[in-house]
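Before any comments, here is the structure.
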Amino acid sequence: MKTICLLFEIHQPYRLKKYRFYDIGADHYYFDDYANEEILKRNAYQSYIPAAKMLLEMINASDKKFKVALSLSGVAMDQFETYCPEFLDCVRDLVATKCCELLCEPYAHSLSALQDPEEFQRECKAQSKKIYETFKFRPKTFVNTGFIYNDEIGAEVAAMGFKGIITEGAKHVLGWKSANYVYNTTAKHSVGLLFRNQKLSEDIALNFQGGLDARTYMSWIEQSPADEKVYTIAMNFDVVGGIHPASTGIFEFFKALPRFAEEKKITFSMPQEVFENIPSVDTASVGHPISWDGYDKDVSAWCGNELQHEALRAIYSISERLNLTKNDVLKEDYSYLLSADHFKFMSTKYGTYNPFSPYESSFDAFSNYMNVVSDIQIRLKQEFPEDIETEELNPLVKQIDNQGKEIEKLQAQLAEAEAKLAAAGIAPEAAPKKAPAKKAAAPKKAAAKKSSKKAEK
Amino acid sequence: MFGWEWPPHILGGLGPASYGIARGVVNAGCEVTFVIPKPQGDEKKDFLHIIGATNTPIVWRDVDWDYVQKRFGYCMDPQEYYDLRDHIYADFSNMYVNDMGCIEFSGRYPQNILEEINNYSIVAGVIARKESFDIIHAHDWLTYPAGIHAKQVSGKPLCIHVHATEYDRTRGNCNDDDPTYMIERDGMNHADLIMCVSELTRRTVIEKYHQDPRKVIAMHNAVDPLSPDIVNAPVKRGTDEKVITFLGRITAQKGCEFFVEAAARCLWKAPNARVVMAGSGDLMEPMIRLVAQKGLADRFHFTGFLRGKQVYEMFKASDVYVMPSVSEPFGISPLEAMECGCPAIISKQSGCGEILSNCIKCDFWDIDAMSDAMYSLITYPELHRYLQEEGRKEVAEITWEKVGQRVVDAYKRVLGWN
């Protein structure tokens, strides 16, 4: 029996405000709140919320035969929490039906998989945690930013314990092979690999003009070779209601899918079911990174020109050091700067003007971003003095951290002892006893101070 | 074609542009006769035929071959003098003419420019009767009356080329009875085809000169490749500091006060930069005073007027070139700077921005954006390198050959040949 894996991607970056060079070092807020709120809400009310309600209705109407997968980036979730929490409730309702799987992706919808394996791991962990905290769901399937994938990324994802990965069915990688099977990664054969069906996905995402009907669409799947079992159809969620507004009939198209699927004996599955139930046919090796972008299906839209290389270098060069800090605001700002969108705005692949970019040109995007990076570098310098190497810094930070914990522990003991003494009613004697106890703690404190002074030096 | 300037004797941007267009048109397979007021004999004319207005008789004089050879031999064949003399069409003996029956032209922009323009159109009548041609092409308002005259004599279509408009030159403050404006509008009214150096100028022509949009097209200029001696010339640089350059007339039209404000902001933040203002003009003194008020005179340099090779040397020694013009029909200098490997920041109100994508554009009044662009270019080397390389490649693609081909295609449309 054939099955459809339907996947929607939901992401909105924190767009940067106009950040001029004279703001560097003076203004530490980088984000265009107005634009972010406006764009998020517009998308939510036009597309995300009605589309999520539509999915819920489809699940209920089909007696839970309809299944779907969603991937929300962490930065989008942060924005929903601030501006539009009702959408998260819609997703909670979906997850509660157990017919909606949530996938994991890098928290910031970043390019860390290509740039910095450690940052990549951190982001995936943060994202899993965020999804669990928000929806009480543990993601088992991974989909990278822009469906970017190669063997190395596969190995890293496998090492993190995911059961399967979804990527683009790029023709230059698949060659004669069909995307409609389950494959496995080169690193770990138990980790499955699903390739997006490019044609079926783009028929909806790009070419849907109201001319396509659900019966025809399903008959394409029915008429494909009998042993091709899995059809991964993935697109941005705003395709439903946003890119193709309700007036095109996109909602009706989706609502009709389960009925015709049933007619033609086609089922819907969540990715994790596919990876569990359908055995892999072969190992798929991907040398150069592929993505779902444009015609080339490569990563040139994010890191194709020198400007993008430089910006990526600048932001990832401070990632290790930045993660040593305890300053959560700084960390959060940093992670928002990692979003792949910032680099796509600098693309010159299709000319210097990008219709989805808030900037007038790629050069504007670059200089604005670099100004922000300059500022975050200054903030990092204030956090840690520049002349200490990151390697040196790490043990020092740990030492301070450990000593801090030790002090807390000792103070807790002290308080406990004092409480006991007070309870025993020997308060008058407590005074002389208290002094030595304090003294015992004091040298440690001094030591801690010394080492922190060392760190400052 | 009717023109006013021809290399090497140029006074502004009109000469090189007319030369480039004429060469491009010849390249596209046309024969060109180019009329200029006063040839010096050393003009570049290997690919076309040049007639001097000052060598064209309008009053019959009986002169012998040797005398013509002696007087005009440096720039024309005596036979041509006789051929032209055969086409004198009216009695101009009341005019002030010399021993050859010709009017003396200065070939420059004298006080009596209107009289000179009128004389030029009288001469054009003789030339139009003698030459055989399919279309008339008049460069800039000085030659429009000549073009109209030639059209009326020959019945051939007239194409006029708008390199600048009075409306731009006066920053929008020109009256309907201003003689230059009237000459321009008269030329446009008579023209069958109006070529403007940019979409910006095209809009001005349509809106301010009330022309039919169907006959107005944009025909962007191009730039000549650098000669090898300029390419190989050593870069003269005394310091490691970054140099931000303004080059042009220091006048209100060029937006110099916006440049000073923007550059000052950049200098306050970037200690390793210097600013050069090259050129002269009526606002130079106020600008020097403004810089002194801001306490930046030690890093703000005024070079005065630069000519010829000095311009290219300046570009090669600069890290950023800024053209903040308030209104610029085309503006060739950013292209020249980019040829020399100097990234350019240009105002959106400049025509050349329409064909350039590897440069930074901002509004002339947006000094925040302008100073930010300056800062980015001197602070982020990748941006500088990218714009330098891509800019050079981009400008290398903008050639007079392509412009010539487009001009000829437009001719053919007007003539109904395709």
Side-chain angles (χ1 to χ4, degrees), chain A residues 16-27 30 32 115 300-318 337 342-343 345-355 357-378, chain B residues 242 244 261-273 294 319-322 334 338 343-349 353-363 366-394 397:
Chain A
L16 301 176
K17 67 177 180 184
K18 269 216 168 80
Y19 191 86
R20 301 289 190 206
F21 68 100
Y22 42 76
D23 296 324
I24 298 172
D27 178 3
Y30 312 135
D32 187 344
Q115 297 290 330
S300 56
W302 295 282
C303 31
N305 67 27
E306 291 84 346
L307 304 180
Q308 293 165 318
H309 292 164
E310 171 65 9
L312 284 163
R313 188 201 60 72
I315 193 77
Y316 280 102
S317 69
I318 57 171
L337 291 180
H342 299 307
F343 306 101
F345 298 151
M346 300 172 201
S347 170
T348 47
K349 197 174 167 189
Y350 306 110
T352 54
Y353 174 70
N354 179 343
S357 162
Y359 301 100
E360 283 179 37
S361 75
S362 316
F363 313 122
D364 269 2
F366 175 79
S367 53
N368 206 51
Y369 187 80
M370 291 304 283
N371 288 347
V372 170
V373 173
S374 306
D375 184 71
I376 209 159
Q377 282 170 343
I378 291 173
Chain B
K242 303 285 181 183
I244 300 169
E261 289 290 345
R265 279 161 187 247
C266 187
L267 284 186
W268 286 328
K269 190 86 184 182
N272 63 335
K294 294 186 182 295
D319 295 283
V320 184
Y321 172 68
V322 189
M338 286 160 78
I345 301 170
I346 59 175
S347 68
K348 288 182 189 166
Q349 290 72 20
E354 294 163 15
I355 53 165
L356 291 174
S357 57
N358 288 298
C359 62
I360 299 181
K361 295 170 205 166
C362 60
D363 284 302
D366 193 351
I367 50 178
D368 282 350
M370 202 189 298
S371 58
D372 199 50
M374 291 176 190
Y375 180 85
S376 298
L377 275 171
I378 61 174
T379 318
Y380 307 127
E382 274 307 322
L383 182 65
H384 188 271
R385 207 171 310 144
Y386 184 88
L387 287 174
Q388 188 172 40
E389 282 166 19
E390 295 299 318
R392 203 181 262 152
K393 277 187 220 161
E394 185 175 18
E397 291 297 311

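Lettering of chains follows the sequences in order, A, B, ..., and the numbering in each one begins at 1. Keep in mind it's a predicted model, so treat the numbers as computed, not measured.
- Formation of a donor-acceptor pair under 3.5 Å by the Y380(B) side chain with backbone atoms of M370(A) is found in this model.
- Taken from NZ in K269(B) to CD1 in I24(A), the straight-line distance is 5.5 Å, to the nearest 0.5 Å.
- For R265(B), the parts lying under 4.5 angstrom from a heavy atom of chain A are both the backbone and the side chain.
- The heavy-atom pair separating E382(B) from L307(A) by the smallest distance is O-CD2, 3.8 Å.
- In this structure, Y19(A) and D372(B) have side chains that are not in contact, with every pair of non-hydrogen atoms separated by 4.5 Å or more.
- Atom OG1 of T352(A) and atom NZ of K361(B) lie 6.0 Å apart (nearest 0.5 Å).
- If you measure heavy-atom distances from S361(A) to chain B, you find no contacts under 4.5 Å at all.
- Taken to the nearest 0.5 Å, the CZ atom of F363(A) stands 7.5 Å off from the SG atom of C359(B).
- Rounded to the nearest 0.5 Å, atoms OH (Y375(B)) and CG (N371(A)) are 6.5 Å apart.
- Rounded to the nearest 0.5 angstrom, C266(B) SG and R20(A) CZ are separated by 12.5 Å.
- Both the backbone and the side chain of F21(A) come within less than 4.5 Å of a heavy atom of chain B.
- Taking 4.5 Å as the limit, some side-chain heavy atom of K348(B) sits within range of a side-chain heavy atom of E360(A).
- Heavy atoms of A369(B) lying under 4.5 Å from chain A belong to its backbone as well as its side chain.
- When only modelled atom types and interatomic distance are considered, Y22(A) and S371(B) share no side-chain donor-acceptor pair under 3.5 Å.
- Using a 4.5 Å cut-off between heavy atoms, L377(B) makes no contact with chain A at all.
- Heavy-atom distances place no part of S362(A) under 4.5 Å from chain B, backbone and side chain included.
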